[in-house]
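See structure below.
The sequence lines fix the lettering, A, B, ..., with proteins before strands; numbering per chain opens at 1.
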Protein chains: 2
Amino acid sequence: MSDSIRPPARRRRKEARPQELTAAALSLFVEKGFAATRLDDIAERAGVSKGTLYLYFDSKDALFKAVIKEGIVSALHAGEALFDEYDDPLELLRTILLGWWERIGNTELGGIPKLMMSEARNFPDVALYYQQEVLQRGTALLRKAVTLGIERGVFRQVDADAICSVLIAPLVYRAMWRQSFGPACGQETDTAQYLHTYFDLILNGLLAGAPSGDAR
Amino acid sequence: MSDSIRPPARRRRKEARPQELTAAALSLFVEKGFAATRLDDIAERAGVSKGTLYLYFDSKDALFKAVIKEGIVSALHAGEALFDEYDDPLELLRTILLGWWERIGNTELGGIPKLMMSEARNFPDVALYYQQEVLQRGTALLRKAVTLGIERGVFRQVDADAICSVLIAPLVYRAMWRQSFGPACGQETDTAQYLHTYFDLILNGLLAGAPSGDAR
DNA sequence: CCTAAATTACTGACTGGTTAGTCATTAATA
DNA sequence: TATTAATGACTAACCAGTCAGTAATTTAGG
């Protein structure tokens with residue numbers, strides 16, 4: 001009877017805590033949204049009490065910012081390997097887009113676009129930061145591949161900036177879907193088929209006839 | 001002194017109230033999210049008190065459902081005119097997509113996709129309803145145009161369901177952007193250019209060479 | 001080594017502010 | 001005068017943030 005029910009033995013893990021907390025916060029923010037997520041739930045999922053959370057973050061807002069910042073560095077880290085040289089601009093484009101899907105869109109990090117989209121107007125400063133550090137940086141990478149292709153005559157003449165936004169949209173949209181309607185409705189269509197059709201469309205185009213260069 | 005400050009004369013408008021309230025709720029839900037929006041603020045924007053809100057809706061959840069339902073009927077109403085006959089599948093496709101943008105994506109209703117995406121996991125029943133009544137219905141309409149084009153040999157052979165999801169994504173994504181990063185970061189790229197490039201891409205494709213039909 | 005003291009990561013009960021939802025009262029219309 | 005749309009003060013619940021206390025770990029002393 002000496003070993004009766006006792007609190008489950010607190011562990012001291014100062015180093016690992018922040019990451020554990022932001023990871024728990026990310027999944028809950030993505031699932032429920034920022035405002036609807038309780039700090040008690042985040043703490044519980046991270047295996048600590050709410051008080052501990054305040055040892056590492058000043059406020060709920062500060063935690064949100066840490067989650068995004070953490071996600072950004074992870075994303076940049078995941079994207080590092082994509083700068084390798086490719087001779088074929090077409091292959092480079094494929095690699096960048098598919099790489100984004102596999103390293104970000106289709107992982108835990110894929111929740112960040114949904115979260116950031118949902119909360120942008122509540123955290124305009126974070127949104128601006130995200131837009132500059134992630135979206136514009138990612139777009140710049142893509143644009144390199146596109147302009148290279150245009151210069152070589154592999155791609156048609158198109159507006160580079162606009163085409164980058166258009167190209168990214170189906171992937172980001174799919175990633176966001178995976179975090180909202182997917183879990184809510186079940187019934188998700190085949191991802192491999194989606195990606196195949198996506199690349200088929202953007203690389204070859206919809207028209208069967210000879211390319212006219214005039215979409216009117 | 002008889003006409004001292006007095007409450008601004010209550011008006012009785014039983015008929016119009018529900019619409020006024022759902023409209024106010026929609027804009028605030030889209031801006032702040034469901035949980036972060038206060039009922040007092042919704043009532044104030046609609047020009048009534050919170051008590052009045054409860055004359056027309058049982059709860060905050062019920063109000064949310066009403067907002068979505070209202071948005072859906074408006075959207076279906078806005079989309080009615082698109083069923084007209086077109087001989088050219090290419091023109092039909094353009095009309096459907098551009099029509100969606102102009103009647104929904106680029107209007108007040110454009111907030112609903114963002115709202116629904118944000119809250120899908122908090123209201124799975126509403127999400128399922130929305131998915132079936134809006135997304136699948138809209139996709140079916142698009143698929144008609146696509147399959148027609150394929151049958152006539154105007155479009156290449158592609159997976160109809162998948163291509164519809166891909167085609168819609170850039171428009172919906174843009175609409176959601178308009179409701180989040182747009183207001184948060186200012187600096188929005190030119191919409192006309194975006195749409196032009198979008199249609200250019202999906203209708204003609206990116207490759208300058210003759211269409212191969214093999215995207216690998 | 002072992003034990004005691006000092007340090008610090010961690011806890012959970014508590015508080016103050018906020019807000020969904022209620023209802024007795026008021027004012028507009030019939 | 002009767003009916004009912006509308007009000008706003010009120011309450012009960014909820015939750016971000018606090019802090020006095022507890023337990024794990026480290027250090028110092030024997």
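- For the pair A:Leu21 CG and C:dT11 C1', the interatomic distance rounds to 14 Å; values are reported in whole Å.
- When heavy atoms are screened at a 4.0 angstrom cut-off, A:Leu39 is found touching the sugar-phosphate backbone but no base atom.
- The residues B:Lys32 and B:Asp41 are annotated as not salt-bridged, no charged nitrogen and carboxylate oxygen being separated by less than 4.0 angstrom.
- Between the CG atom of B:Leu53 and the C1' atom of D:dA6 there is a distance of 12 Å, rounded to whole Å.
- Put simply, the side chain of B:Arg121 never gets that close to the backbone of A:Ala184: no donor and acceptor are under 3.5 Å apart.
- Nucleic acid contact class of B:Tyr56 (heavy atoms, under 4.0 Å, all strands): sugar-phosphate only.
- Atom pair B:Leu63:CG and C:dG21:C1' shows a separation of 13 Å (rounding to whole Å applied).
- With 3.5 Å as the limit, one finds a donor-acceptor pair spanning the side chains of A:Ser27 and A:Arg45.
- Between the CG atom of B:Asp61 and the C1' atom of C:dG21 there is a distance of 12 Å, given to the nearest Å.
- Not a single donor-acceptor pair, N or O on each side, falls under 3.5 Å between the base of D:dG8 and the side chain of B:Lys50.
- Comparing D:dA6, C:dG21, C:dC10 by their nearest atom to the side chain of A:Leu55 picks out C:dC10.
- In this structure, the nucleotide among D:dG17, C:dG21, C:dT19 sitting nearest to the side chain of B:Arg38 is C:dT19.
- Across D:dT7, C:dA20, C:dT11, the shortest atom-to-atom separation from the side chain of B:Lys60 is found for C:dA20.
- One interatomic measurement links the two molecules: CG of B:Asp40 to C1' of C:dT22, which rounds to 13 Å at whole-angstrom precision.
- Atoms CD (A:Glu44) and C1' (D:dC15) sit 15 Å apart, rounded to a whole Å.
- Comparing C:dA20, C:dT11, D:dG17 against the side chain of A:Ser49 picks out C:dT11 as the nearest.
- Using modelled atom types, no side-chain atom of A:Tyr173 and backbone atom of B:Ile168 make a donor-acceptor pair closer than 3.5 Å.
- In the set C:dT11, D:dT18, C:dT22, the nucleotide with an atom closest to the side chain of A:Val48 is C:dT11.
- B:Arg174 and A:Ser165 are not linked by any side-chain donor-acceptor pair at a separation below 3.5 angstrom, with hydrogens and angles left out of the test.
- Distance B:Phe57 CZ to C:dT22 C1': 18 Å, rounded to the nearest Å.
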